[in-house]
Novice: 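There's a structure below that I have some questions on.
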Amino acid sequence: MDLGLAGKTALVTAASKGLGRAIATELAREGARVVISSRDEATLARTAEEIGGETGAEVGYRAADLTKGSDIEALVAHAVDRFGGIDILVNNTGGPPTGFFADLDDEAWDLAFRQIILSLVRCVRGVLPSMRERGGGRIVNVASSSVKQPIDNLLLSNTFRAGLNGLAKSLSLELAPDGILVNTLGPGRILTGRTESVDAGQAEAQGVSVGEVREQFAARIPLGRYGTPEEFARVAAFLASPANGYVTGQAILVDGGMVRAL
Ligand SMILES: NC(=O)c1ccc[n+]([C@@H]2O[C@H](COP(=O)([O-])OP(=O)(O)OC[C@H]3O[C@@H](n4cnc5c(N)ncnc54)[C@H](OP(=O)(O)O)[C@@H]3O)[C@@H](O)[C@H]2O)c1
């Protein structure tokens, strides 16, 4: 299937590593021109060069902290300027810290709101004029399986990913007349740097090896293993592409069947 991504322009946030990087790579491989962003400029520049080298696509970058409105404004302006407009926005963010209710102070709640909800609001607000001018677009949000089922010890994710899901659904309704399709992806357990550090933390807390923690998690996944960033990215690339003409307002899990929800 031709996804129709050749010549399209995409902005992918939080993309120097992990899922964001995999999505940017997949979009680039399919012929899109991509601007990636994250905080650490050196890592970001290296990633942009590597994706460009691997795919032959034009890959730009700009450092931005997604918790800062002025950084997001400058990022969107840079992407529009670089490619003349934006067809695709992939809203990815860093993950909020783990913690139960008693572990979280006002500062943690405030930061997680800015990280997960306000960053999406600001990115969408930034790209809308360009998408409207171009006659449509695709917005893909990266959230978590917590959009369908809360995860123990991840209260911030459980709260704000659910909020993101509600916001995304509302946006899909408001933006459908503009030809802008909005969907949210919920990764289950995809092997990235974040999963590695979460597993290492669990291993330390339980006094077992990282391998044992992985086996415990994998045993709860019907497909019996963690997913790869590439498997995740292929779903994102479809949703972000013109080949997706009729899926909008959905929260789709990429979790190997882990969440037991209809
Ligand atoms: N991997 C999974 O299985 C899984 C499962 C559920 C949910 N998720 C969620 O999916 C998202 C991506 O996860 P991942 O596994 O790919 O994480 P990752 O490997 O840790 O990568 C996170 C990326 O986000 C960037 N980032 C972090 N904070 C940022 C900020 N304030 N502003 C801009 N960029 C920022 C990082 O670069 P800098 O640090 O340089 O900014 C990096 O590029 C996270 O929200 C995570 O919670 C992942």
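Indexing begins at 1, ligand by ligand and atom by atom, following the structure's order. Predicted model only: the values in this text are computed from it and were never measured.
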Novice: Test of understanding: given a 4.0 Å heavy-atom threshold, classify the contact between Arg39 and ligand 1 as side chain, backbone, both, or neither.
Specialist: both
Novice: Please report the closest heavy-atom contact between Leu11 and Ala79, naming both atoms and the distance.
Specialist: CD1-CB, 4.4 Å
Novice: How far is atom 2 (C) of ligand 1 from its nearest protein heavy atom, and which residue and atom is that?
Specialist: Ile190 O, 3.6 Å
Novice: Give the atom numbers and elements of ligand 1 that come within less than 4.0 Å of a heavy atom of Thr195.
Specialist: 1 (N), 2 (C), 3 (O)
Novice: Looking at atom 22 (C) of ligand 1, what's its closest protein heavy atom, distance included?
Specialist: Gly94 CA, 4.6 Å
Novice: For atom 13 (O) of ligand 1, what is the closest protein heavy atom, and at what distance to 0.1 Å?
Specialist: Leu19 CD1, 4.0 Å
Novice: Using a 4.0 Å cut-off to any heavy atom of Gly18, which atoms of ligand 1 qualify?
Specialist: 16 (O), 19 (O)
Novice: If I take atom CD1 from residue Ile88 and atom CE from residue Met131, how far apart are they, to the nearest 0.5 angstrom?
Specialist: 7.5 Å
Novice: Only heavy atoms of Gly193, strictly under 4.0 Å: list the atoms of ligand 1 that pass.
Specialist: 19 (O)
Novice: Can you tell which part of Val142 has a heavy atom less than 4.0 Å from ligand 1: side chain, backbone, both or neither?
Specialist: side chain
Novice: In terms of residue, atom name and distance, what is the protein heavy atom nearest to atom 24 (O) of ligand 1?
Specialist: Ala14 CB, 3.2 Å
Novice: Backbone, side chain, both or neither: what part of Asn92 comes under 4.0 angstrom of ligand 1, heavy atoms only?
Specialist: side chain
Novice: Between the side chains of Glu30 and Lys8, is the shortest nitrogen-to-carboxylate-oxygen separation below 4.0 Å, so that they form an ion pair?
Specialist: no
Novice: Can you tell me the protein heavy atom closest to atom 36 (C) of ligand 1 and the distance?
Specialist: Ser16 OG, 4.1 Å
Novice: Strictly inside 4.0 angstrom of atom 46 (C) of ligand 1, do you find any protein heavy atom?
Specialist: yes
Novice: Identify, by atom number and element, the atoms of ligand 1 in contact range of Asp40, meaning under 4.0 Å from any of its heavy atoms.
Specialist: 40 (O)
Novice: Taking only heavy atoms of Gly95, which atoms of ligand 1 are found under 4.0 Å from at least one of them?
Specialist: 44 (C), 45 (O), 46 (C), 47 (O)
Novice: What is the nearest protein non-hydrogen atom to atom 17 (O) of ligand 1, stated with its residue, atom name and distance?
Specialist: Arg194 CB, 3.5 Å
Novice: I'd like to check Ile180 versus Leu128 (side-chain heavy atoms, cut-off strictly below 4.5 Å). Are they in contact?
Specialist: yes
Novice: So, Thr93 and Ser119: side-chain donor and acceptor under 3.5 Å apart, yes or no?
Specialist: no
Novice: So that I can tick it off, tell me whether Glu49 and Arg46 are bridged by a salt bridge, with the cut-off set at under 4.0 angstrom between side-chain N and carboxylate O.
Specialist: no
Novice: Using heavy atoms and a threshold below 4.0 Å, how should the contact between Ala64 and ligand 1 be classified: side chain, backbone, both, or neither?
Specialist: backbone
Novice: How long is the straight-line distance from CG of Leu120 back to CZ of Arg125, given to the nearest 0.5 Å?
Specialist: 11.0 Å
Novice: Suppose we measure from atom 21 (O) of ligand 1 to each protein heavy atom; which comes out shortest, and what is that distance?
Specialist: Lys17 CB, 3.9 Å
Novice: Can you confirm whether Thr13 sits close enough to Leu75 that some side-chain heavy atom of one is under 4.5 Å from a side-chain heavy atom of the other?
Specialist: yes
Novice: Distance to 0.1 Å, residue and atom name: give those for the protein heavy atom nearest to atom 31 (N) of ligand 1.
Specialist: Asp65 OD1, 3.0 Å
Novice: Within ligand 1, which atoms have a heavy atom of Pro187 less than 4.0 Å away?
Specialist: 4 (C), 5 (C), 6 (C), 7 (C), 8 (N), 48 (C)
Novice: Is there a donor in the side chain of Gln216 and an acceptor in the side chain of Gln206, or the other way round, less than 3.5 Å apart?
Specialist: yes
Novice: Establish whether Ile139 and Val254 are linked, either directly or via other cluster members, by ILVMFWY side-chain heavy-atom contacts under 4.5 Å.
Specialist: no
Novice: Does ligand 1 have any atom sitting under 4.0 Å from a heavy atom of Arg189?
Specialist: yes
Novice: Number the atoms of ligand 1 from 1 as they appear, then name those within less than 4.0 Å of a heavy atom of Thr93, with their elements.
Specialist: 11 (C), 12 (C), 44 (C), 45 (O)
Novice: Is Arg225 salt-bridged to Glu231, going by a charged N under 4.0 Å from an acidic O?
Specialist: yes
Novice: When you look for heavy atoms under 4.0 Å from ligand 1, do you find them on the side chain of Arg161, its backbone, both, or neither?
Specialist: side chain
Novice: When you look for heavy atoms under 4.0 Å from ligand 1, do you find them on the side chain of Leu66, its backbone, both, or neither?
Specialist: both
Novice: What part of Ala143 sits under 4.0 Å from ligand 1 if we count only heavy atoms: the side chain, the backbone, both or neither?
Specialist: backbone
Novice: Can you check whether Val124 reaches Val182 side chain to side chain, under 4.5 Å on heavy atoms?
Specialist: no
Novice: Examine ligand 1 and decide if any of its atoms is less than 4.0 Å from a heavy atom belonging to Ala22.
Specialist: no
Novice: Under a 4.0 Å N-O cut-off, is there an ion pair linking Arg39 with Asp71?
Specialist: no
Novice: Can you tell me how far apart CD (Gln250) and CG (Asn165) are? Round to the nearest 0.5 Å.
Specialist: 9.5 Å
Novice: Side chains of Pro96 and Arg161: closer than 4.5 Å at any heavy-atom pair?
Specialist: yes
Novice: Heavy atoms only, cut-off 4.0 Å: how does Thr192 contact ligand 1, side chain, backbone, both, or neither?
Specialist: side chain
